[in-house]
Amino acid sequence: MTADHRVGPPSLGDERETLRAFLDYHRATLAMKCEGLTDEELRRRSMPPSTLSLLGLVRHMAEVERAWFRRVFEDHDAPMVWSDRIDFQAAYDASASTRAEAFGAWEAEVENSRRIEREAASLDLAGHQPRWGEDVSLRMVMVHVLLEYGRHNGHADFLREGVDGTVGA
């Protein structure tokens with residue numbers, strides 16, 4: 001991996017600034033775990049029969065961003081990126097994917113999520129989560145997506161170590 005250029009969250013920021021910064025930090029962490037790898041290395045699976053790979057995680061997080069920002073606050077019927085039904089697991093199969101495809105979709109969804117958050121008057125903005133059939137606040141969505149990144153960045157640590165050959169050596 002290259003040098004760490006992530007910007008950490010503020011030590012004394014308000015709630016919104018802190019949530020925004022933590023989300024961006026975790027987004028940058030996922031990108032950092034993928035830096036310098038070829039498409040083939042990004043597609044390397046953790047362990048068969050799992051389809052989990054770094055590229056699969058990027059694709060999955062594009063789906064998460066879309067489902068929790070776009071579908072909740074703008075378009076409840078927006079289709080998933082890699083599934084014609086609500087199947088988050090479909091994104092994990094990156095066997096035919098490329099960095100350009102996966103990162104293009106992920107970066108577009110991240111920018112859309114950032115726009116939705118910026119335009120919201122407050123963290124109390126309510127949207128409708130169609131999968132749950134209930135309303136949720138922007139605050140809840142930001143915390144939920146932050147937790148998703150934290151969990152999946154843990155997976156990314158092991159996947160990167162496997163690609164770099166530091167596990168089991």
Side-chain angles (χ1 to χ4, degrees), residues 1-9 19-75 77-119 131 138 141-169:
M1 286 184 295
T2 59
D4 185 349
H5 298 290
R6 297 172 297 169
V7 175
L19 284 172
R20 179 185 297 143
F22 264 111
L23 260 175
D24 281 341
Y25 181 83
H26 277 281
R27 289 166 174 149
T29 298
L30 181 58
M32 185 179 75
K33 295 295 178 184
C34 298
E35 282 180 6
L37 299 178
T38 66
D39 285 0
E40 181 181 334
E41 290 169 325
L42 288 168
R43 286 191 296 265
R44 189 171 296 159
R45 295 161 141 205
S46 59
M47 177 183 290
S50 174
T51 58
L52 188 61
S53 67
L54 285 166
L55 209 53
L57 286 178
V58 172
R59 288 166 45 109
H60 175 72
M61 292 312 297
E63 296 286 31
V64 168
E65 294 270 0
R66 178 176 283 210
W68 283 97
F69 284 93
R70 184 184 305 243
R71 287 178 54 88
V72 168
F73 297 108
E74 289 187 336
D75 181 1
D77 298 318
M80 300 297 281
V81 183
W82 288 283
S83 170
D84 54 0
R85 60 189 202 292
I86 307 301
D87 178 7
F88 287 89
Q89 303 303 310
Y92 285 134
D93 182 4
S95 58
S97 187
T98 64
R99 172 189 291 275
E101 176 214 30
F103 274 84
W106 177 61
E107 290 165 354
E109 292 303 326
V110 166
E111 285 309 311
N112 189 63
S113 298
R114 286 178 177 143
R115 179 188 53 75
I116 290 168
E117 184 272 323
R118 274 192 318 268
E119 291 175 358
R131 290 182 62 217
L138 176 59
V141 167
M142 291 178 76
V143 168
H144 180 83
V145 173
L146 176 59
L147 292 172
E148 284 281 324
Y149 273 103
R151 180 166 68 105
H152 292 304
N153 281 337
H155 299 139
D157 285 337
F158 290 107
L159 289 162
R160 180 63 193 233
E161 288 172 357
V163 168
D164 288 342
T166 57
V167 173

As a quick check of understanding, evaluate side-chain contact (heavy atoms from CB on, under 4.5 Å) for Glu148 and His60, giving each step before the final call. CA-CA 10 Å; Glu148 284 281 324; His60 175 72; 3.7 Å; yes
Decide side-chain contact (heavy atoms from CB on, under 4.5 Å) for Arg20 and Leu23; before the verdict, give the C-alpha distance in whole Å, the side-chain angles of both, and the deciding distance to 0.1 Å. CA-CA 5 Å; Arg20 179 185 297 143; Leu23 260 175; 5.9 Å; no
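Taking a 6.0 Å sphere around CZ of Phe73, one finds it holds more than 12 heavy atoms contributed by other residues, nucleotides or ligands.
Considering every non-hydrogen atom in both Arg43 and Ser53, the closest pair reads O-CB, 3.5 Å. Contact detail for Ser113 and Phe69: the closest heavy-atom pair is OG-CD1, 3.1 Å. Considering all non-hydrogen atoms of both residues, Ala28 and Arg6 come closest at CB-CG, 3.6 Å.
Of the possible polar contacts, none joining the Arg59 side chain to the Ala102 backbone as a donor-acceptor pair under 3.5 Å is found. A donor-acceptor distance shorter than 3.5 angstrom exists from the side chain of Arg66 to the backbone of Pro79, with no hydrogens or angles considered. Glu109 contributes no side-chain N or O that, together with a main-chain N or O of Glu63, makes up a donor-acceptor pair within less than 3.5 Å.
Between Tyr149 and Trp106, the ring-plane angle classifies as tilted under the 30° and 60° cut-offs.
Here Glu117 does not pair with Arg114 in a salt bridge; the nearest charged N to carboxylate O distance is not below 4.0 Å.
Counting only heavy atoms from C-beta outward, the side chains of Arg45 and Ser95 never approach each other to under 4.5 Å.
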